[in-house]
Structure formats: structure tokens, C-alpha cells
Amino acid sequence: MEPIKKLFELHETPLLKISDNLLADRGINLFVKREDLNDPELSGNKMYKLKYNLLKAKDERHNTLLTFGGAYSNHIFAVAAAGKRFGFNTIGIIRGEEHLPLNPTLNFAIRCGMQICYLNRAAYRNKTSAEVVDKLRNQFGNFYLIPEGGTNYLAVRGCEEIVRSIRINFDIICVPCGTGGTLAGIIAGLNGKHHALGFAVLKGASFLNNNILKLLTSSGLLNPTNWNINLDYHFGGYAKIKPELIKFIRGFYEKNGILLDPIYTGKMFYGIYELISLNKINEGTTIVAIHTGGLQGLEGMKSKFAFLNK
Ligand SMILES: *Cc1c(COP(=O)(O)O)cnc(C)c1O
């Protein structure tokens, strides 16, 4: 078993400059921070979100982690891997009903030793209520609860470190937003400098602003203004995928050799490219886009990514 502090050793991931006619034409520098390469299993932002939570769970002598997610969740995948590596039992509470055969994400989780339980959608919606949590404690005994997507103030602390590992000067740092926990950490890490731009992957995600303000406040940061969230690139909502998005991801892969996922990073890069082509980003701007990982989910959508097998 590995000590958790291994996760605290600096993972130096590449910062790659993208060359593209559009970028050259508009005078924009675009870099990708390859956090998808930071760990084979705890890949991307989920590693940063988990590390201080894992440490706290160990400090409090918990043996079991319990968390929530959808059936394809990158977070479920990461928690299962972390449990196996650092010696926790893990329980994954999955939204909805069981579908057999199990998808690759849940198969992996089970291979890691995760106990999978399903919660109907109505109860799942109330998963943060004392009633549902008490029921879970009656059923499973004591556990360290990690919220859905891993977002809490310890996740914010972890994600600050994504910023610290970027050693070039830049103007804008971009990240896709589900719950907004990662963006909150990046804003905290910026400490008032530069600008953070989030791309919401959920439809109607105006709640994100409040979530992020709450997270920042609980982390002791009062009202930074150097950030905003773009709500225009959700492509119909969470996990909704349109042909033009797949086409973009394919083109990006063929040009740059970097694979994106259609749930998070694909939508962000699509948004960045469109904002640049619409001249909404000033000439001379240097952008760093965080590749937050999520590639494990591609296993479950092989038919849309047939181009990878050519
Ligand atoms: C979970 C996830 C996100 C969203 O992170 P939040 O902190 O919930 O906003 C972004 N990208 C990938 C690849 C993810 O797995």
C-alpha cells in the first residue's frame, strides 16, 4: 500500500503549446496543461480534489470512503482507485438503476474493490439530506463522506496546486466546470492575479456562481473578481453530445495528438476555439487551458470514438 503523501510529490506534467492557423492568425498563444497525464488512474483534476480529503480520512482513522456519482463518473473511478491504492474500503452510491452488463467505469470500480449501490433518482437528489445520510450510516456503518464530484473546501485547497505548477506567464486560465470545485481552487490559486475562465458543461448552470462564491468564502477568500463562467458551450446539457463536438475532438486529436473527452475538456476547447474565431479574445492573449482528464469515460462510448481505432 502506498502512503498518501505520494500524491503530494509534485507531478510535473507537460505544458504544451498548440500550433494552429487560427491561433497564429489571431495572435493568440494557447497552451495545454496536461493534467490528464498526472496519474494513470487518479487522473486529472480528481487527484487534486481527493488528496486532502484522503489525508483527512486517514488522520481521522477512517477505514471506509463513501461517495456519490453517475454510472460513468470520473470521480467514482478515481475514488475506487484511491481506495485500492491507499488502503480504504470504498462504497460508490450510483444514481439510478443497475444496468447490465456493467459499463467499463463500474467494472473498474468493482475490480478495485468498490462496493456499488444504486439509489433511485428521487433519493439521489436528496443525497445531502440528513435523512439519506443517516440511512447510509445505518446500512454501512461509519464512513468518510466525499461529496458528489469530490467538491468541498479540501478539494479547493488541492486544486490551488494546479495553478502553482504553471511556470509561464499567462493572461487567462481555462477549465471546464461541473460543480465548479476545480475552478474555485484555481481562482484561489491565482490569488487575485490573471483571470480564470470556466466553461459550464451543464445546461442552466447559473447556480455555479453561487457555489463558487460559497467555496471561496469557506476557503477564506473574499470576493475575488478575476473570474467568470461561460454558459454557452454545454451542447444541450451534461453528457449531451453533438456531432460537431465529436468532429472537433477528432480534428483536435488528429492535429495535436491530444485526446479530449466529450463531457468536459472537449466542450471547453470547442468554446475556446469559437471565442477566438469570433474575436472575443484579444490579440496577444496567452491562454493556459487545463486538461482535466476524464479519458477513462471514453471506454464507455467506443462507437463515437471509432476514429481512435484506425
Ligand atoms: C469532474 C471533472 C470536471 C469538473 O470538475 P468540477 O470541480 O466538478 O467543476 C472537469 N473535467 C473533468 C475531466 C472531470 O472529470
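This is a predicted model, so every value here is computed, not measured. Both ligands and their constituent atoms are indexed starting at 1 by order of listing.
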[X]/[Y] aromatic ring centres below 6.0 Å:
X	Y	answer
F31	F170	no
F269	F252	yes
Y144	F88	no

inquiry  = Could you identify the single nearest non-hydrogen protein atom to atom 11 (N) of ligand 1 and state the distance to 0.1 Å?
reply    = T292 OG1, 2.7 Å
message = Checking a contact table here: which protein heavy atom is nearest atom 10 (C) of ligand 1, and how many Å away?
response = Y264 CD2, 3.3 Å
inquiry  = Taking distance alone, with N or O pairs closer than 3.5 Å, would you say T179 contacts ligand 1?
reply    = yes
ask   = Is the closest N or O pair between G178 and ligand 1 shorter than 3.5 Å?
value = yes
request  = Report the member of T265, N45, L215 with the shortest heavy-atom distance to atom 5 (O) of ligand 1.
outcome  = N45
ask   = In terms of atom number and element, which parts of ligand 1 are under 4.0 angstrom from non-hydrogen atoms of N74?
value = 13 (C), 14 (C), 15 (O)
ask   = Applying a strict 4.0 Å limit to heavy atoms, is C177 in contact with ligand 1?
value = yes
request  = May I ask whether G149 has any heavy atom positioned less than 4.0 angstrom from an atom of ligand 1?
outcome  = no
inquiry  = At under 4.0 Å between heavy atoms, is it the side chain or the backbone of K46 that contacts ligand 1, or both, or neither?
reply    = side chain
ask   = ligand 1 versus I263, non-hydrogen atoms closer than 4.0 Å: side chain, backbone, both, neither?
value = neither
query = Considering all heavy atoms of both residues, which atom of I246 and which atom of P262 are nearest to each other, and what is their separation?
reply = CD1-CB, 4.3 Å
